[in-house]
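In what follows, a single structure is set out as structure tokens and then discussed.
Counting starts at 1 for both ligands and their atoms, following the listed order.
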Amino acid sequence: MPVFNFLTQCVFDSGALIQLGKLAKSRGITRPFIVTDAGIKASGILAKVEDALGVAPAGVFAETVPNPTETQAKVAAQLYKESGADGIIAVGGGSSMDHAKAIGLLATHDEPLEVYAADIGGSKKIGVIPPLIAIPTTSGTGSEVSIGMVITMENGRKETFAARNLIPVIALCDPDLTLGLPAHLTAATGMDAMTHCIEAVLTPTINPPAEGIGYDGAHRAYGMGMLQRAVRDGSDAEARWHMMMASYEGALAFVKGLGGVHALSHAAGRLHHKKLHHGTLNAVFLPHILRFHHGAADDKYARLRSVMGLKPGADLADAIQDLNDAIGIPKTLRAMGLAEEDGPGVVEFALKDLAHAGNPRPMSAEDYEMVYTTALG
Ligand SMILES: [Fe+2]
């Protein structure tokens, strides 16, 4: 039987950051611990957040690494506890927001992080974490409204965690915070949002409201041309507004599930030393997975064509490849630094990934291998 969960409070508009102090107070946060990264600090956004807050934070952790790690979350959770903070404010992209969730979890739970992983039924062990306000500074991940976090573990796996208690109590979405995002990150994060919308639509779970939201996100990003506009001109406030909405919508849609693109991207992204961007991986895998699933969800492909403004019968995979080319996404995995010898590990971990279950057509090890080899180029 379908079960629908819709998520959390979202305060959304250009300039919304100014409300941070009031919102934090409304959730009982008087001594926040801020989690962010060095880039956000250097850009001046951290200072703006502290201004908007109006009170001194109990602590600031501004060293979050891309693809956040268990090792770092343990250190930061200890700092959180020592700071006497009563809540967390995450400022940044998916890495900072997921890292903040992991800090909240580790600061309030005693068992090792791996015990809470979704694929071994750990979700039900995740109790209440400190109140978390998420302020995204990219438009892609949707972590500000999602039940999920993805952490690179000390055992080498890239693990997905999912629980209602990991949802931020407030998503404070101010598209103006993305105005300075460089073109290549706008493109990569935007393709993460686009992939969330498409994979969420295609996954067979029955959830028409979430599916409808996925179509709307794809319409904004592709049909209205907002992703290309935001990449072409980072100061285009209207395009930034629509891309942040598409990102938010992507995460509302993927309560349905995801699919093979994310299974592969998580599996490749666990190769930390290669520094592969999650959104760029999605962008490269997406056309190949769309070709693989062609014919498995005809009605949904037709509706996606329609909301994306494509001709009936147009090839969705080609359309995404053209978009990738237009916004400067690398054409192949090889161009990103992957090679033949990475293939078996990527296939092995893709099969174990939570998103694997969402494919509209079941995928075997051979299928993933074929997609990997083709995408490698
Ligand atoms: Fe994603």
Write out all pairs satisfying salt bridge (Lys or Arg N to Asp or Glu O under 4.0 Å) with one or both partners inside residues 260-284, taking only residues at least two apart or from two chains. K274-D342
What are the protein N, O or S atoms, given as residue plus atom name, that sit under 2.8 Å from the Fe ion (ligand 1)? D192 OD1, H196 NE2, H262 NE2, H278 NE2
Might you confirm whether atom NE2 of H109 has over 12 heavy atoms from other residues, nucleotides or ligands at distances under 6.0 Å? yes
Have H262 and H196 got a donor and an acceptor in their side chains that come within less than 3.5 Å? yes
Apply salt bridge (charged side-chain N to carboxylate O under 4.0 Å, His left out) to D119 and list each qualifying residue two or more places apart in sequence or on a separate chain. R157
Check the pair L185, T138 against side-chain contact (heavy atoms from CB on, under 4.5 Å), reporting the backbone distance first and the verdict last. CA-CA 8 Å; L185 280 177; T138 63; 5.9 Å; no
Please list all pairs passing the side-chain hydrogen bond (donor to acceptor under 3.5 Å, both in side chains) test where one or both residues lie in residues 307-321, with sequence neighbours left out. R291-D318, Q321-D325
